[in-house]
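Report on the following structure.
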Amino acid sequence: MKRRTKVFLLVSGLLVAAAASTVGVLTVALAKVLDPYDYCATGYSPLVVPCALHWSSRTTTQGTPAIPSNTPPKFQGSYTDKTAWAIADCPQNAIGRRLLCSVSSDAKPAEAASDDLVSGLPRPKPWVVTTGKSSRFIDAVHVETPLDLAGTLRFYREALAKRGWTENEGAIIERDKATIAFVTKDGPAQLRLTRQGDRTIADLSQSKPADADGDILPMPGQMRLRLGNGAKEAAVITVNQQTINLAAGAGESLTDDAHSGRKSPNGQEVNLPPGKYKVSLKLASGTAHNREFEFAAGETWGLVVGKDGTPLPVQLY
């Protein structure tokens with residue numbers, strides 16, 4: 001049995017649009033009802049910088065086998081796979097972005113935004129893009145912030161120390177990147193920071209002790225990249241000189257089964273050697289984005305085309 005829920009919010013100053021099975025326009029007084037934990041509080045003024053929020057949940061429950069068997073089925077229970085992402089609607093031009101979505105050099109230490117909606121992991125503010133995943137395999141959050149790398153690193157070290165996480169030896173701290181492994185009571189975790197253009201990219205993940213198979217695992221020595229389209233128009237993604245066409249909404253959920261982590265049937269995926277990759281996304285309307293991502297061996301990621309073609313990385317394993 002599968003159950004899926006999806007919610008989309010657009011917080012834009014005085015109006016909130018909510019889309020689930022119906023679409024309506026509500027006053028800002030109801031924003032707290034729809035977003036009670038301020039997940040869409042970017043750190044910028046909502047009167048100037050709107051926020052788009054997507055949240056989905058998929059539950060898989062093992063039922064009674066249709067064909068009787070003398071071998072009792074292995075009990076698997078219920079599993080829930082939750083995904084969320086949010087985008088601050090910053091201006092696309094450099095001047096507008098610098099005026100409305102930047103941080104001054106003499107800014108105070110980074111403040112905490114609300115914890116990620118699905119993983120419960122910490123996020124700094126301000127931020128411009130954030131994604132989260134919670135499944136039987138992983139809790140993960142991806143944050144893109146205009147804060148410098150040093151400030152972002154300081155925020156996470158303080159926030160994670162308060163949670164009782166302990167840093168392993170061998171942390172790699174450089175001017176434009178950092179990688180730290182942690183020991184937690186719930187399993188191993190890793191923080192990876194990179195500086196790219198005008199933003200710092202933070203990926204924080206905590207692995208869970210769940211059995212995995214070929215539905216979610218990458219090939220040995222490689223990484224697996226799933227591609228989905230959350231936009232309302234067709235999109236083309238080019239990665240590692242491979243071009244993938246995705247219809248509107250194709251593979252948006254990335255996974256089709258909360259227990260196995262199986263790929264969505266209308267999504268696409270590629271296996272790649274670990275390393276850095278230039279990725280281009282282009283919508284049918286002509287909007288295009290170019291980014292660079294770094295993936296490690298043994299990881300499975302999703303990359304969703306978001307609102308206005310914004311690339312949305314989601315760590316799956």
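- Using a distance-only test at 3.5 Å, with no hydrogens or angles considered, a donor-acceptor pair links the side chain of Ser253 to the main chain of Thr255.
- The heavy-atom pair separating Asn290 from Ser280 by the smallest distance is OD1-CB, 3.0 Å.
- Summarising the geometry of Lys307 relative to Ala52, their closest heavy-atom pair is CD-CB, 3.7 Å, with the distance given to 0.1 Å.
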Open item on the list: Go through it in stages, so that I can follow the logic: the residues are Ile180 and Ile173, the test is side chain to side chain contact (heavy atoms under 4.5 Å, CB included), and I'd like the CA-CA distance, side-chain angles, deciding distance and then a yes or no.
Closed with: CA-CA 8 Å; Ile180 304 176; Ile173 310 296; 4.1 Å; yes

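- With sequence neighbours left out, the ring-ring contact (aromatic ring centres under 6.0 Å, His included) criterion links Phe155 to no other residue.
- Ring orientation note: the planes of His259 and Tyr79 are tilted relative to one another, at an angle of 30° to 60°.
- One finds the CG atom of Asn229 at 10.5 Å from the CG atom of Asn245 (value rounded to the nearest 0.5 Å).
- Val143 and Leu312 sit in two unconnected hydrophobic clusters of ILVMFWY residues. Membership requires side-chain heavy atoms under 4.5 Å apart, directly or through other members.
- Expressed to the nearest 0.5 Å, how far OG1 of Thr200 lies from CG of Leu149 amounts to 5.0 Å.
- In terms of heavy atoms, Gly132 sits closest to Val314 at O-CG1, 4.4 Å.
- Residues Gln315 and Ser205 meet the side-chain proximity criterion, which asks for heavy atoms closer than 4.5 Å.
- Sorted by first and then second residue, the ring-ring contact (aromatic ring centres under 6.0 Å, His included) pairs with a member in residues 194-249 form an empty list; sequence neighbours excluded.
- Met219 and Leu272 end up in different hydrophobic clusters when Ile, Leu, Val, Met, Phe, Trp and Tyr side chains are linked at under 4.5 Å.
- Atom CZ of Arg136 sits about 8.5 Å away from atom OG of Ser260, to the nearest 0.5 Å.
- In the hydrophobic clustering of this structure, Tyr277 does not group with Ile201; members are Ile, Leu, Val, Met, Phe, Trp, Tyr whose side-chain heavy atoms approach within less than 4.5 Å, directly or through other members.
- Residues Trp301 and Leu316 have side chains not in contact (no heavy-atom distance under 4.5 Å, counting atoms from C-beta outward).
- Each salt bridge (charged side-chain N to carboxylate O under 4.0 Å, His left out) pair with one or both residues in residues 285-306, not counting sequence neighbours, appears once here: Glu144-Arg291, Arg192-Glu299, Lys278-Glu292.
- The two residues Thr80 and Ser57 have their closest heavy-atom pair at CG2-OG, 3.4 Å.
- Dense packing is recorded around NZ of Lys208, with more than 12 heavy atoms of other residues, nucleotides or ligands lying under 6.0 Å away.
- Atoms CZ and CG, from Phe137 and Asp211 in turn, are 8.5 Å apart once rounded to the nearest 0.5 Å.
- Here the shortest heavy-atom pairing between Ala86 and Cys40 reads CB-SG, 4.4 Å.
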Exercise for the section: Please test Val129 against Thr310 for side chain to side chain contact (heavy atoms under 4.5 Å, CB included), starting from the C-alpha separation and ending with a verdict. Expected result: CA-CA 9 Å; Val129 171; Thr310 302; 4.1 Å; yes

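- Looking at heavy atoms from C-beta onward, Asp256 lies in side-chain contact with Pro265 at the 4.5 angstrom threshold.
- Both Phe293 and Val239 sit in one connected hydrophobic cluster of ILVMFWY residues. Membership requires side-chain heavy atoms under 4.5 Å apart, directly or through other members.
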Margin query: side chain to side chain contact (heavy atoms under 4.5 Å, CB included) for Ile244 and Gln242? Distances and angles first, verdict last.
Written below: CA-CA 7 Å; Ile244 296 97; Gln242 299 182 58; 4.3 Å; yes

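- Residues Glu174 and Ile172 form a side-chain contact, since some pair of their non-hydrogen atoms from C-beta on lies under 4.5 Å apart.
- At least one donor-acceptor pair closer than 3.5 Å links the side chain of Thr145 to the backbone N or O of Pro126.
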Take Asp257 and Asp215 through the test side chain to side chain contact (heavy atoms under 4.5 Å, CB included) and record every step on the way to the result. CA-CA 9 Å; Asp257 181 84; Asp215 282 329; over 6 Å; no

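- Note on residues 180-202: pairs passing ring-ring contact (aromatic ring centres under 6.0 Å, His included), not counting sequence neighbours, are Trp165-Phe182.
- At least one side-chain heavy atom of Ser114 sits less than 4.5 Å from a side-chain heavy atom of Arg123.
- Looking at Leu283 and Val305, their side chains come closer than 4.5 Å, going by heavy atoms from C-beta outward.
- Within the 3.5 Å criterion, the main-chain N or O of Gly286 finds no donor-acceptor partner in the side chain of Lys282.
- Closest non-hydrogen pair, Ala41 versus Ala113, comes out as O-CB, 4.4 Å.
- Between the side chain of Gln206 and the backbone N or O of Ile138 there is no donor-acceptor pair closer than 3.5 Å.
- For the pair Asp148 and Arg154, the salt-bridge criterion is not met [side-chain N within less than 4.0 Å of a carboxylate O].
- At least one side-chain heavy atom of Tyr156 sits under 4.5 Å from a side-chain heavy atom of Pro124.
- Taking the six-membered ring for Trp and thresholds of 30 and 60 degrees, His54 and Trp85 have nearly parallel ring planes, at less than 30 degrees apart.
- Leu204 and Leu117 end up in different hydrophobic clusters when Ile, Leu, Val, Met, Phe, Trp and Tyr side chains are linked at under 4.5 Å.
- Remark: side-chain polar atoms of Thr184 are paired, donor with acceptor, to backbone N or O of Gly187 under 3.5 angstrom.
- Within the 4.5 Å cutoff, side-chain heavy atoms of Leu246 are placed close to those of Ile237.
- In this structure, the side chain of Thr238 does not engage the main chain of Thr243 through any donor-acceptor pair within 3.5 Å.
- Applying the salt bridge (charged side-chain N to carboxylate O under 4.0 Å, His left out) definition to pairs two or more places apart or across chains, those involving residues 265-277 are Arg224-Glu269, Arg226-Glu269.
- Between the side chain of Asp139 and the main chain of Ser134, no donor-acceptor pair closer than 3.5 Å is present.
- Note: Glu252 CD to Thr83 OG1 = 9.5 Å, rounded to the nearest 0.5 Å.
- Here ring-ring contact (aromatic ring centres under 6.0 Å, His included) pairs that include residues 215-241, with residues two or more places apart or in two chains, number zero.
- With rounding to the nearest 0.5 Å, the separation of CG in Leu303 from CG in Leu281 is 5.5 Å.
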